[in-house]
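This report concerns only the one structure given below.
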2 protein chains.
Amino acid sequence: MSRRSGVLEFAVLGLLRESPMHGYELRKRLNTSLGVFRAFSYGSLYPCLKALVQRGWLVEEPSAQPEEQLTPRAQAGSLAGRRAKIVYRLTAEGKEHFEDLLSQTGPDTWEDEHFGVRFAFFGQTSRDVRMRVLEGRRSRLEERLAKMRASLARTRERLDDYTLELQRHGMESVEREVRWLTELIESERKGSERAGDERTRRPARETGSDRPSSGPSDNTDR
Amino acid sequence: MSRRSGVLEFAVLGLLRESPMHGYELRKRLNTSLGVFRAFSYGSLYPCLKALVQRGWLVEEPSAQPEEQLTPRAQAGSLAGRRAKIVYRLTAEGKEHFEDLLSQTGPDTWEDEHFGVRFAFFGQTSRDVRMRVLEGRRSRLEERLAKMRASLARTRERLDDYTLELQRHGMESVEREVRWLTELIESERKGSERAGDERTRRPARETGSDRPSSGPSDNTDR
DNA sequence: AATTTCATGTAATTCGTTACATGATTCC
DNA sequence: GGAATCATGTAACGAATTACATGAAATT
């Protein structure tokens, strides 16, 4: 019934923070912006949106434009009227909640399921949190590497070539991610040495006042 | 109620084909042999074993070892030997079923969830099936790369640095796996040119007779 | 006019996990 | 004798999917 998930919820809040959107577009963004890692279907998305509305983090804004504007073929081809699209917008409570989520640095934040989506919103995350998440993930992966090496040493002889190759390739992937993280961490450190505040992708606050005064729809940017 | 999963079921059958085992050890093997990719818990494993027994693919063999073998703490008051460890053994039908599974080359076989476990049992898989699976996966990944590149070209400007970096790293991972697959495919091809049959890791049949004659317990190899 | 794409949703199912509950055996 | 590890299970939940159902708008 609830469908509030963690990853999906986080991503939805994060995307809607940037700009209001309706479900269909949201889903496309989820599956591209958020990269290779996750793909969500409508069956997950719509119930999730409903749940978020119920908690007061989103509001539905039926894109019900005045019907006097009967546009058989949409003059100017612009994004004016269509079927009752429901545009979702983040409320003030929603914003606050998302910022709470952004500031979390608990142990799951660097697990496989969460790390990708956390990283995707690093643009809105403070530098110290970014550092903790990156370093947390790196040491998590190093732990994993140690276990793999140990297990490999114990069982090397009993395994056939394919199993071994699978293991080898898996370890290499993890090692590669560790190197990637190390580069990112160093680059974060360099960024924080010079420059006290600005110049490092600020948290993107104040995109207008608390609520867009005029119609927040028509911002579907397509 | 059923819990027959696909991946877990496949892996259990495959491991038990090599030798009978009880649940606890099976789980350890699942989480090491099968590599980084999957970790299963008892909550999944035991119900799965039960289901496989019900279908006639496994039999439970209560490991009632001869109690003459005095252990220092031993029999006093207990029913038979130790606690009833349940050793699972593949039946003839189970073997047949697993071979059916091994010979499948449908489109899911190279999807993310299945590919790892399929590869882990390549040692028991015929060469032509191996080839189809490897090539299927490679072209699946190439498709994915094409989509990613297209989407990246469309949206490059709208994305912040972190999202972009995530995307870049994701693509590189996929490219790396493609190169890996290409090497494997070539090596398979080379292997099949010379040598008509032997010398390419035969399917590992006949590890003794149909059933291990002596007690299959104490094979816990630790 | 027909097809594709946009758009929203629900019900049932899948594939797993965590937390709980229990007890035996081995190590120190 | 106490802790760690071995060993087996069940109930409740979680987070998503697939398949289904519907219909409007744009493209051809």
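Computed from heavy atoms alone, side chains included, the values below leave out hydrogens, waters and symmetry copies. Chain letters run A, B, ... following the sequence lines, proteins first, then strands; residues in each count from 1. None of these values were measured; they are calculated from a predicted model.
Residue B:S41 places at least one side-chain N or O closer than 4.0 Å to OP1 or OP2 of C:dT17. Side-chain N/O atoms of B:Y46 include one lying less than 4.0 angstrom from OP1 or OP2 on D:dT8. Regarding contacts with the backbone of C:dT8, every side-chain N or O of A:K85 stays at 4.0 angstrom or more from both OP1 and OP2.
Between the CD atom of A:E25 and the P atom of C:dT5 there is a distance of 17 Å, given to the nearest Å. What separates OH of A:Y24 from P of C:dC6 is a distance of 4 Å, to the nearest Å. The interatomic distance linking B:K50 (NZ) with D:dA7 (P) rounds to 17 Å, in whole Å. Rounding to whole angstrom units, NE2 of residue B:H114 and P of C:dT14 are separated by 13 Å. Atom-to-atom, CG of B:L45 to P of C:dT17 comes out at 10 Å; the value is rounded to the nearest Å. Residue B:Y42 contributes atom OH, which lies 9 Å from atom P of D:dA7 at whole-angstrom precision. To the nearest angstrom, C1' of C:dC15 lies 16 Å from CG of B:D112. Here the P atom of nucleotide C:dC15 and the CD atom of B:E111 are 14 Å apart, to the nearest Å.
The number of heavy-atom neighbours closer than 6.0 Å to CD of B:E96, taken from other residues, nucleotides and ligands shown, is 12 or below. Counting heavy-atom neighbours within 6.0 Å of A:E172 CD, excluding the residue itself, gives a total above 12.
Bending across the helix from C:dA1-D:dT28 to C:dC28-D:dG1, expressed as the angle between its end axes from five pairs apiece, amounts to 40° (10° rounding).
Under the 4.0 Å criterion applied to side-chain N and carboxylate O atoms, A:E93 and A:R55 are not assigned as salt-bridge partners. No salt bridge links B:E25 with B:K28; every basic N to acidic carboxylate O contact stays at or beyond 4.0 Å.
Partners of A:Y46 under the side-chain contact (heavy atoms from CB on, under 4.5 Å) rule, at least two apart in sequence or in another chain, are A:Y24, A:Y42, A:L49.
How far CG of B:L184 is from CE of B:M131: 10.5 Å, rounded to the nearest 0.5 Å.
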